[in-house]
Amino acid sequence: MIRKCSECKGKGYKVKSYKICEACHGTGFQSTEDISKHVKGLPETAKQKFHLEDMQEVPCPVCKGKGEIEVREKCSACDGKGEINICPKCGKIIEGTSKYCPDCQKKDKVYILHPACTIEDLERDKIYKGKITRIEDYGVFVSLNNKVWGLMRGIFPDYKIGDEVLVKVAQINHYKGEVDLLLASISGSYEVVKLKKDIPRTRIGKIDNKSLGKTIRIVGEVIQIQQTTGPTIFTISDETGTTSVAAFDEPGIRAYPHIQVGHIVEVIGEVNQHSGRIQIESEIIERLIGKEASEARRLIDEAIDRRAEPEKIDLLIESEILERLRPRMIEAAKAIRRAIFDGRSILVRHHADADGICAGVAIEKAVIPLLRELNPNIEAEWHYFKRKPSKAPFYELEDVVKDLTYALEDMERFGQKLPLIVLLDNGSTEEDILALLKAKIYDIEIVVIDHHYPGEVVDGRVEVDDYVDVHVNPYLVGGDSQLTAGALSVEIAKMINPEIEERILHLPGIAVVGDHADSPEAEKYIELAKSKGYTREDLEKIAACIDFEAFYLRFMNGRGIIDTILGLGSLDKHKKLVEALYKEYEKRVKSQLRAALPHVKSKKLPNGILLNVLDVEKYSHRFTFPAPGKTCGFVHDYMVQKHGEDKPIITLAYGPDFSVIRATDAVHENFGFNLNKIVWELADEIPEAAIDGGGHECAGSLKYVEGLSKKVLGRFAEKIAKLERK
């Protein structure tokens, strides 16, 4: 309350003393003035009456004729303002513009009940804020929360339903559950105190059927938000597990719109079941910030890190290269397990051939059981895991555009975190870098499990390591492409989920046979498959059927069909399907070879290399199996069978703007042939041809502009002819 200062009477200063006026030297007058000159025309009698003919003294303008002036000092009580702010309750002077002094502000407290509070949390004579929910002739009912309400007796014509009121608790009848209220009278402002229900925290991992019907409190991270036609479903994860929480405002309307994925929240609600799974019907969801949130996040991160650590298990076979790769394999398994426990989706991209598909299926079979076990959502395996084949043996721009688009849409529509991308049987080469860079712009974690030639290895690193988080490749530890991605992925899948070992034991054998791997490791994996009843011929048939089916699946993963072909479903259906597909496979291959072989041009070069060339654009079936790459492989295999595996043989099948190359190991071992290096040299020598490509040392592709095809192929042949035997 603003009042005039009583000390200075509203002047803002006090008179300390007086001093002689220097302007008039204490006389009080400054000069004399003859005023008769200013009154001309007046009668003489008037001049005499008012003494207008005399000389008059003029008062000093400084001291106003007093002869002295005041010595002032600023009023300390009001700081020179002339006004003071006084608390209307206690009369104390208040500094600043507050209406009440700090003591009076703290005197009145108004309590707001937490949604989980009950009648047991009320106290007599305390003031609470409530809302009028019902009006009767004898009084009004006031709800303090959804569980507590009371009766305020009397007639209150000025109130209507929905009005907020301050009420004092007059009487509590715990036995009847009745509360008598009085209208509270508070003058001035008051302090609002939010009462919080003291419920001990329950770890999500401890919630089971015994918890049904109980009100619990959980603290965790929001890892997914899904809006249904009814409630909003929040998926919450803590250091022990994951559960779903239903929140409802209006049908189809997003509840708690301020809460987003990644927030640490506190949930209080009742444990129920929905579709046979535990679900918490929330009473309140609050975002936690500050120390409490930091501590909860620390506990969650530490727990996830511990759970993500793979079990220490033996490898399927003994191999020096695998032992050197083990730390990287463990790192890859941990990254995938952590994504599962962290609520991130996993996107697996693999090459669409037998090796790549075996790799993708192995990871799929390891991840999905963990998703089903950890996530209460029955759709979890579809939301959180996707397996997509890629036609090219590298991560194409077309693929990364699709992956980023769907990932960003899922984040917007379903509140999912950005995924972990796992690249299998691709991801290691220079051709992958642009797509990897694009994904990294969005801070997406990337794991690569590959066996393609990654370029020069310097201190255990290659060029793509700047764009991926985990890189598993035999070349990084002195190995080569003969240890396939499918075999590596099975070893890693076993680290992710040891329980699936027996089920996928034969997949490495299919992968190495399908990729024509020739190494001690490959033979050991083939022997391992025999322990499950698969002969080498069986593995070759399955690999052939996978390649055949992959051609028609194109960009679909074909989970059910692929499982049947690989023997992961009904064994009866497996045998029938493999028999039918392999019969058609042989028919198509023979038809293609009949069309192609008469037009293969073979020439033995001076250095002893047999070079076979075929125009697949003219002399092979188009838009049907086998594709140009497979056709080149079949022609090459025919030539190898005809001349011997120990002979240096190179087969080149070309089209208008591409070529597919296959070579025997003898060319690599005896002449140092590496397709990737030749592609790089050609790209430097003929920049106008826009050359691209690569793959393994002895198998891959070459792309160029159609107008320079003859120049590129001619220069390629020259380089082959110039190779010298070691």
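As a basis for the values below, the full set of heavy atoms in this structure was taken, side chains included, without hydrogen atoms, waters or symmetry mates.
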Check whether any side-chain N or O of [X] sits under 3.5 Å from a backbone N or O of [Y] as a donor-acceptor pair, and report yes or no.
X    : Y    : result
R503 : L568 : yes
R344 : L420 : no
D238 : G220 : no
N145 : C117 : yes
R124 : A170 : yes
T243 : I204 : no
R337 : R307 : yes
R203 : T240 : no
S143 : N146 : no
D469 : I446 : yes

For [X] against [Y], the heavy-atom pair lying closest together:
X    : Y    : value
E221 : I300 : N-CD1, 3.8 Å
V401 : T405 : O-OG1, 2.7 Å
R559 : N557 : N-OD1, 3.0 Å
Y128 : D121 : OH-O, 4.2 Å
S282 : V245 : CB-CG1, 3.6 Å
A493 : A362 : CB-O, 3.3 Å

message: Quick check on side-chain hydrogen bond (donor to acceptor under 3.5 Å, both in side chains): which of K388, E364, R387 does H350 satisfy it with?
response: R387
- line: Partner of D403 under side-chain hydrogen bond (donor to acceptor under 3.5 Å, both in side chains), picked from R349, K386, K438, is R349
Should the heavy atoms of other residues, nucleotides or ligands under 6.0 Å from [atom1] of [X] be counted, would the total exceed 12?
X    : atom1 : answer
E311 : CD    : no
K131 : NZ    : no
Y442 : OH    : no
E412 : CD    : no
K14  : NZ    : yes
K147 : NZ    : yes
I441 : CD1   : yes
Q273 : CD    : yes

task: Go through D563 and K365 one step at a time and tell me if the salt bridge (Lys or Arg N to Asp or Glu O under 4.0 Å) criterion holds.
output: CA-CA 10 Å; D563 284 358; K365 299 310 174 189; 2.6 Å; yes
query: Quick one: does NZ or CZ of K402 land under 6.0 Å from the six-membered ring centre of F555, within 45 degrees of the ring axis?
result: yes
Side chain to side chain contact (heavy atoms under 4.5 Å, CB included) against A293, all qualifying residues, sequence neighbours excluded: I264, L288
query: Under the side chain to side chain contact (heavy atoms under 4.5 Å, CB included) test, which residues partner Y159, sequence neighbours left out?
result: I132, F156, D163, V165, L183
task: For a side-chain contact (heavy atoms from CB on, under 4.5 Å) with T202, tell me which candidate from I207, V267, V219 qualifies.
output: I207
How long is the span from the [atom1] atom in [X] to the [atom2] atom in [Y], to the nearest 0.5 Å?
X    : Y    : atom1 : atom2 : answer
L566 : I504 : CG    : CD1   : 11.0 Å
E266 : R217 : CD    : CZ    : 4.5 Å
Q260 : I225 : CD    : CD1   : 5.5 Å
I216 : I268 : CD1   : CD1   : 10.0 Å
Y384 : T235 : OH    : OG1   : 4.5 Å

message: Consider salt bridge (Lys or Arg N to Asp or Glu O under 4.0 Å). Of R201, R306, K206, which one does E239 pass it with?
response: R201
field: Lys/Arg N to Asp/Glu carboxylate O, D305 vs R338, below 4.0 Å
entry: yes
message: Looking at K334 and E331, is there a salt bridge between them, counting it only when a charged N and a carboxylate O are closer than 4.0 Å?
response: no
